Amino acid sequence: MEILSSAGLLAGLNSEQLAAVTWPAQPALVLAGAGSGKTRVLTTRIAWLLQTGQASVHSILAVTFTNKAAKEMQLRLSALLPVSVRAMWLGTFHGLCHRFLRLHHQEAGLPKTFQILDIGDQLAVVKRLLKQLNIADEVIAPRSLQGFINAQKENGLRASRLTARDPHERLMIECYAAYDSLCQNEGVVDFAELMLRSYEILQSNDVLRCHYQNRFNHVLIDEFQDTNKLQYAWLKLLAGEHAAVFAVGDDDQSIYRFRGAEVANMTRFLHEFGVSEPIRLEQNYRSVGNILTAANAVIAHNASRLGKNLHTESGSGEKIRVLQAINDIEEAQFVVDEVKALHREGLDYMQMGILYRSNAQSRVLEQALFRAGIPYKIYGGLRFYERQEIKHALAYLRLAVNPDDDNALLRVINVPTRGIGTRTIENIQAAASQTGTSLWQAASSLAAKNSKIAAFIHLIENLQAQTAQVSLPELMAAAIYDSGLMEYYRTQKGEQQERINNLEELLNAAVAFKPQESGFDSEPEYDENDPLFAVLSFLSTASLEAGEHQAGQGEDALQLMTVHAAKGLEFDAVFLTGLEEGLFPSEYSMAEKDGLEEERRLMYVAITRARKRLYLTMAQQRLLHGQTHFALPSRFVDEIPECVLQYLSAHKNTLVARQQITQRTNPFHSSRSKLADTPASTDFDGFQLGQNVHHERFGTGVIIEASHKAEGARLTINFGKQGIKELDTVFAKSKLTIIS
DNA sequence: GAAGCCCTTGTTTTT
DNA sequence: CAAGGGCTTC
């Protein structure tokens, strides 16, 4: 019977997918190429495990990196089976660790009402700490300390386990220790702490560890290539000896090394879990052949890979269009013209994506789109819950549940202005450090002498009293209105309407919020009748999900984003812009070991976003940081076989023959030339700044500087591998050919 | 406590 | 270039 019913579930899977889905209860590593039906395999496997009785909703742990992916899985799973998805431990690493810590806050040594610090909150704590310790920004930059702390935690290391190799490092470690105790005192945890603390509890608490190890017999992980050391260790600990770990990932799409992701976890997994060979999903259901050829060719240049080659049953499709524009403005104009043409042909804007390596590149594109009146959506701005007005409002809520949260207190003690200035705050801080208490307690003790402080204390106490009595939306309303926050934005001059709208939106979110969806209701340990329940869930969700990453929804709009942000998405047409040496691959990356391979994976991700049509564009000249940069086309373009490319000229979409550019294996650094240095005349004995030229001895280069001479001109040319050369046109002209 | 000025700084960013 | 932070000034 079960086999019969599972047949429907398995229908339509290809043989590799089928093998993965029905893999026995043993560890498996699935190498899932881009567009190979990875999510389908994961969800179908869960459904299959449930339907065949191999697992129950309680015995499955399914982990993703993003909330989006978790929701997607949830959605697809409930479409496959009538299961109570909520009862299942399906969520993000951080979401699940949060759930774990809420359930076991006592074992974890955390207050019941502990709050989560997002990156901004964390930076504020770090700054406060450095000030308190009297360490100047020049000695330790707040951001560097923040990065240090997070990196250590992601490696599973507490300050006590670190040894300093120099005085500066010693200071950093001391700060790390001080930071942790500060957070502990205030009852707050940062993102990395959610993971580390969970891991430590599981490690040290035998009862809990055994409970969870016995509970989960199937552990499934998505995007395994992005796991860091700690996440790997956490998974291994939870899985214990007997759980079947099903890891799905693609080493070629590992693009978060800078955040601690370790691709090596994939090979480590193979060894440590005794998996002899990964299951490869190589059939691609997304892109046409030419695009896959390009992707395969580019990624083949990477040395350290598990190895995989995408293929498709759809035809080769159109060739990939390549355009080198004179400058970034023309590049943008080209994109706009093509977008318009595609739209006229019936392609929706939302089916087109413009990708770039860094956010700074969006500006020029945006301007061109704006002038052309094309609707567009940019991913990457401030998220909803990161906006200051939202954070202010939530800070009131946080104080209501946990007044020792100094961060929250400092954020709103004088917003709206209530006459508690720098002076008064310093007094409170002094009192707090003297008695070793929180700012809230210090402020309370000063309230008798200061009516302004007393008013603030009274406001918060009022909110506190309400948490036990009123519903979440009512409490939210109190936080927004009773605090005077709404009135503050109403009376402020300038464009505050947006902020007012956002506060109203926040209220709507509180009304619509369903705390049950956080999954706690299925946990016997958690009392959902506790009035705090909804508030804590809401605040945690705000920190962990932070809301949509884009502005304006609904309408048909062109999608603009970084390549990183595009991971997991797909478009009919993709414009991959700014393909220049120094930009993509970025100059930065070339300095570090294996940096170039990571950039190449990024390129691979970018190419595989396109279904039918792909444009690769670059500019000879680009304004960056207020300086004109000249650069050669990205080496990645040269790694694509000529046969799938179609070169377009800068001005008209006519095919032009392009000279074969050879010998481009070493880093080319994009070179800069100050605008001020640029002479009025643009012609230097037949050459121009930014031109790509070929020299019979030095190979291909870009003209980065030029000056007139009595006879001819002197050119400074970056030949990349061959170095930067100064040539006189009088002698060199015959040896130089202009490429573009 | 707000406005204005100068200075620095500048990849990517799932949680 | 242009945004954000720190500082001064009113």
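Every heavy atom of this structure was used, including side-chain atoms; hydrogens, water molecules and symmetry mates were not. Everything numeric in this text was worked out from a predicted model, so none of it was measured. In what follows, chains are A, B, ... by sequence order, proteins preceding strands, each numbered from 1.
Atom P of nucleotide dT9(B) and atom OH of Tyr588(A) are separated by 11 Å, given to the nearest angstrom. Leu123(A) has its CG atom 12 Å from the C1' atom of dG4(C), to the nearest Å. Look at CG on Asp328(A): it is 13 Å from P on dC1(C), rounded to the nearest Å. Atom CD1 in Ile413(A) sits about 11 Å away from atom P in dG1(B), given to the nearest Å. Taking atom CD of residue Glu597(A) and atom P of nucleotide dT12(B), one finds them 22 Å apart after rounding to whole Å. For the pair His564(A) NE2 and dT15(B) P, the computed distance is 14 Å after rounding to whole Å. As a whole-Å value, the separation of His625(A) NE2 from dA3(C) C1' is 13 Å. Distance, Glu598(A) CD to dT11(B) P: 16 Å, rounded to whole Å.
Considering only residues two or more places apart in sequence or on other chains, Asp180(A) meets the side-chain contact (heavy atoms from CB on, under 4.5 Å) condition with Lys153(A), Arg158(A), Tyr176(A), Glu193(A).
Phosphate contact (OP1/OP2 of dT13(B), side-chain N/O of Arg383(A), threshold under 4.0 Å): absent. Distances shown here put every side-chain N or O of Ser540(A) at or beyond 4.0 Å from the OP1 or OP2 atom of dT15(B). Regarding contacts with the backbone of dT14(B), every side-chain N or O of Asn67(A) stays at 4.0 angstrom or more from both OP1 and OP2. Phosphate proximity of dT13(B) to Asn359(A): present, with a side-chain N or O under 4.0 Å from OP1 or OP2.
In this structure, a donor-acceptor pair under 3.5 Å is present between the side chains of Tyr379(A) and Gln559(A).
For Tyr256(A) and Phe65(A), the gap between ring centers reaches or exceeds 6.0 Å.
Within the cation-pi definition used here (under 6.0 Å to the ring centroid, within 45° of the axis), Arg268(A) qualifies as a partner of Tyr232(A). The side-chain tip of Arg102(A) points at the ring of Phe114(A) from less than 6.0 angstrom away and within 45° of straight on.
Using a 4.0 Å heavy-atom distance criterion, Ser589(A) is classed as a base contact. Note on Thr417(A): only backbone sugar-phosphate atoms sit closer than 4.0 angstrom, heavy atoms only; bases stay farther off. Within 4.0 Å (heavy atoms only), Glu599(A) reaches at least one base atom of the nucleic acid. Using a 4.0 Å heavy-atom criterion, one finds that Glu592(A) contacts the bases of the nucleic acid, with or without backbone contacts as well.
Put simply, the side chain of Arg259(A) and the base of dT15(B) share a donor and an acceptor less than 3.5 Å apart. Between the side chain of Arg357(A) and the base of dT12(B), at least one donor-acceptor pair of N or O atoms lies under 3.5 Å.
With dT11(B), dT15(B), dA2(C) as the candidates, the nucleotide lying closest to the side chain of Ser358(A) is dT11(B). You'll find that the side chain of Leu623(A) is closest to dC1(C), out of dT13(B), dT12(B), dC1(C). Side chain of Thr562(A), nearest nucleotide from dT11(B), dT12(B), dT15(B): dT12(B). With dT11(B), dT15(B), dT14(B) as the choices, the nucleotide that has an atom nearest any side-chain atom of Ile119(A) turns out to be dT15(B). Of the candidate nucleotides dT15(B), dG10(B), dA3(C), dT15(B) has the atom lying nearest to any side-chain atom of Thr66(A). Across dT15(B), dG1(B), dT13(B), the shortest atom-to-atom separation from the side chain of Phe191(A) is found for dT15(B).
A salt bridge does not link Arg383(A) to Glu545(A): none of the charged nitrogens lies less than 4.0 Å from a carboxylate oxygen.
Of the residues near DNA chain B, Asn414(A) and Gly95(A), the one whose nearest nucleotide (by heavy atom distance) lies more toward the 5' end is Asn414(A).
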Please table the atom pairs, donor to acceptor, closer than 3.5 Å between any side-chain atom in residues 130-149 of chain A and protein atoms at least two apart or in another chain.
| residue | atom | partner | partner atom | Å |
| --- | --- | --- | --- | --- |
| Ser144(A) | OG | Ala141(A) | O | 2.9 |
| Gln146(A) | NE2 | Ile119(A) | O | 2.9 |
| Gln146(A) | NE2 | Gln122(A) | OE1 | 2.9 |

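On the C1' atoms, dT14(B) is 25 Å away from dA3(C), given to the nearest whole Å. Taking atom P on both nucleotides, dT13(B) is separated from dG4(C) by 16 Å, rounded to a whole Å.
Stacking of Tyr256(A) onto the six-membered ring of dT13(B) is not present when judged by under 5.5 angstrom between centres and under 30° between planes.
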